[in-house]
Amino acid sequence: MKDAERQVKRITAKSDDFSKWYVEIVQKAELADYTPMKGMMVIRPHGYAVWENIQKGLDLRIKAAGHVNAYFPLFIPESFLKKEAEHVQGFSPEVAWVTVGGKEELEERLAVRPTSEAIIGHMYAKWIKSWRDLPVLINQWANIVRWEKVTRPFLRTTEFLWQEGHTCHETAEEGEAETLAILELYREFCETELAIPVLTGRKSLSEKFAGASMTYALEALMSDGKALQMGTSHNLGQHFSKAFDIKFEDRNQTLQYVWQTSWGMTTRTIGALIMVHGDDSGLRFPPRIAPVQVMVVPISIGDWKETVLPAAAAAVEGLRQAGLRAAIDAREESTPGWKFSEYEMRGVPLRIEIGPRDVKAGQAVLVRRDTKAKETVPLASLGARVPALLDEIQAGLLAQARAFLEANIREADDYARFKDILENQRGFVRAPWCGDEACEARIKTETMATIRVIPLDDRQALTDKPCMACGAKGQALAYFARSY
RNA sequence: CGGGACGUGGCGCAGCCUGGUAGCGCACAUGCUUGGGGUGCAUGGGGUCGGCGGUUCAAAUCCGCCCGUCCCGACCA
């Protein structure tokens with residue numbers, strides 16, 4: 001096929017138009033599709049398989065940390081939502097309401113949950129009586145509805161999937177420890193499973209969760225230089241326990257309000273996988289979360305059905321028995337070249353080509369998705385080489401993303417430099433800040449950048465430099481960025 | 001929600017300015033051919049032009065309103 005025509009089939013180059021590139025990958029790799037309802041998407045089988053792997057990895061860790069799963073109702077009475085003032089104020093602009101059931105007008109309208117603190121708080125008040133009931137460590141996997149004005153597949157949709165943990169503790173210290181333990185759990189998950197390095201820290205007060213006393217977050221850098229929040233962990237203090245009257249009798253027989261946390265990670269992480277690892281050929285999934293880790297493509301020439309196909313099928317069977325997610329594409333209607341491109345688009349980490357020449361030589365050609373490097377391996381040693389290669393790919397993707405993140409964290413001590421970086425290079429800018437909300441708001445208006453995180457480590461965060469924007473006494477070094 | 005662009009078979013587009021009832025590439029179906037980077041040829045099916053309304057003998061084309069998508073902002077996981 002002529003090059004000019006081949007161009008037609010390609011997706012828009014990442015460097016050409018990042019947003020277009022993103023949307024095209026989502027559709028061509030069949031991760032998701034639009035529906036007739038604004039902002040609501042279908043997560044297609046290939047996208048959902050990624051989500052299932054994310055779920056497995058997270059669920060395992062959440063349970064290993066002592067939590068159990070439960071399920072709370074989709075609907076929340078309006079009066080519950082109103083109990084915590086800051087909470088209702090923060091969420092009311094984006095709540096969907098149910099006002100009619102069947103043919104009957106409801107006495108009190110029901111919110112479709114934008115998050116579950118309110119309904120869970122109500123139930124916790126019923127369940128918790130004594131210090132012996134604590135801690136309560138419950139997580140739920142659920143769908144959430146937030147009536148967003150601007151939507152993008154995975155990054156911001158009207159309905160999305162997530163897990164939300166809601167815990168109760170005896171003391172403030174325990175609550176804070178839980179919040180930070182989850183932050184670390186998320187960080188480790190992002191790096192180990194998603195191969196996405198993150199910056200962690202606390203949010204400024206203006207960016208914190210509505211109703212929390214402190215919000216911690218993980219921020220990743222997309223390859224267009226914009227930041228994306230990967231997850232949050234909130235220390236709720238006693239805001240909700242006081243609003244919902246969640247009290248327990250402590251070890252000294254005094255009534256106390258519990259200390260709570262909540263934390264969540266969403267289907268947005270799939271968007272991050274696309275934007276961190278994807279390239280102009282399509283997706284590049286890290287092996288640990290890839291729906292299919294190895295795709296075997298038999299080279300269909302001559303009597304390939306008698307010679308190549310059995311060898312290819314045997315190879316797949318061997319890989320499966322080794323515990324790998326391997327598949328074969330033996331369809332006759334597509335050519336090998338077509339299949340190569342297709343699985344590159346879909347992000348399959350490793351492709352194995354087996355043709356007549358290979359069968360004769362007792363070998364196979366392995367092609368990495370991340371580097372597109374090829375190597376020839378004896379069929380007999382696939383069982384050893386493939387897992388090792390997948391580990392290399394996993395590590396390679398993380399290393400590449402980490403190098404990009406580190407190369408795009410820049411320092412700015414003055415506002416001119418700060419603006420220049422955001423305008424011309426993007427990425428994160430580490431800069432001294434005074435801690436004043438008005439100053440933060442001004443920076444946001446003037447540069448479109450927000451404080452993504454303030455590092456937790458005092459050695460990293462403390463500064464004696466003046467605020468880069470207003471010149472007042474600096475309070476902390478903060479990471480700023482334009483974000484999704 | 002403000003500013004901009006766009007909306008024509010499944011996808012990408014041409015036609016619209018200068019109204020006359022729809023065309024191309026890909027995809028799809030069938031057959032042959034080919035097959036180590038999206039094979040080639042032939043035949044065929046599928047759209048009334050985002051929706052509603054208006055102007056007109058006649059609207060994809062002109063006008064109005066609405067809806068949706070994308071981009072840039074304000075809001076957010």
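Letters A, B, ... are given to chains in the order of the sequence lines, protein chains preceding strands, and every chain is numbered from 1.
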### Query
Taking atom P of B:A77 as reference, at what distance in whole Å does atom NZ of A:Lys226 sit?
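Taking NZ of A:Lys226 and P of B:A77, I get 16 Å after rounding.
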
### Task
Measure from CE on A:Met230 to P on B:C76 and round the result to the nearest Å.
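That distance rounds to 20 Å.
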
Look at all strands and tell whether [X] reaches a base, only sugar-phosphate, or nothing, counting heavy atoms closer than 4.0 Å.
X	answer
A:Leu155	base
A:Lys374	base
A:Thr115	nothing
A:Phe160	base
A:Glu353	base

Gap in Å between the two [atom1] atoms, one belonging to [N] and one to [M], rounded:
N	M	atom1	result
B:U39	B:G3	P	47 Å
B:G51	B:C11	P	14 Å
B:A22	B:C32	P	35 Å
B:G12	B:G54	C1'	32 Å
B:A14	B:C26	C1'	15 Å

### Query
Under 4.0 Å: is that the gap between some side-chain N or O of A:Ser19 and OP1 or OP2 of B:C71?
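Yes.
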
### Query
Does A:Ser300 get its side chain close enough to the base of B:G35, under 3.5 Å, for a donor-acceptor pair?
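Side chain to base: pair present.
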
### Task
Test for a donor-acceptor pair under 3.5 Å between the base of B:G37 and the side chain of A:Glu344, counting only N and O atoms.
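In this structure, the two groups form a donor-acceptor pair.
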
### Contact list for residues 292-316 of chain A, test side-chain hydrogen bond (donor to acceptor under 3.5 Å, both in side chains), sequence neighbours left out
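Matches after skipping sequence neighbours: A:Lys305-A:Glu332.
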
#### Entry: Position toward the 5' end of RNA chain B (nearest nucleotide), A:Arg156 or A:Arg482
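Here A:Arg482 is the residue nearer the 5' end.
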
### Message
With a 4.0 Å cut-off on N to O distance, would you call A:Lys203 and A:Glu219 a salt bridge?
### Response
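So A:Lys203 pairs with A:Glu219 through a salt bridge.
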
### Message
Could you work out, with salt bridge (charged side-chain N to carboxylate O under 4.0 Å, His left out) as the rule, every residue matching A:Arg152, not counting sequence neighbours?
### Response
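If we apply the salt bridge (charged side-chain N to carboxylate O under 4.0 Å, His left out) test to A:Arg152, skipping adjacent residues, there are no hits.
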
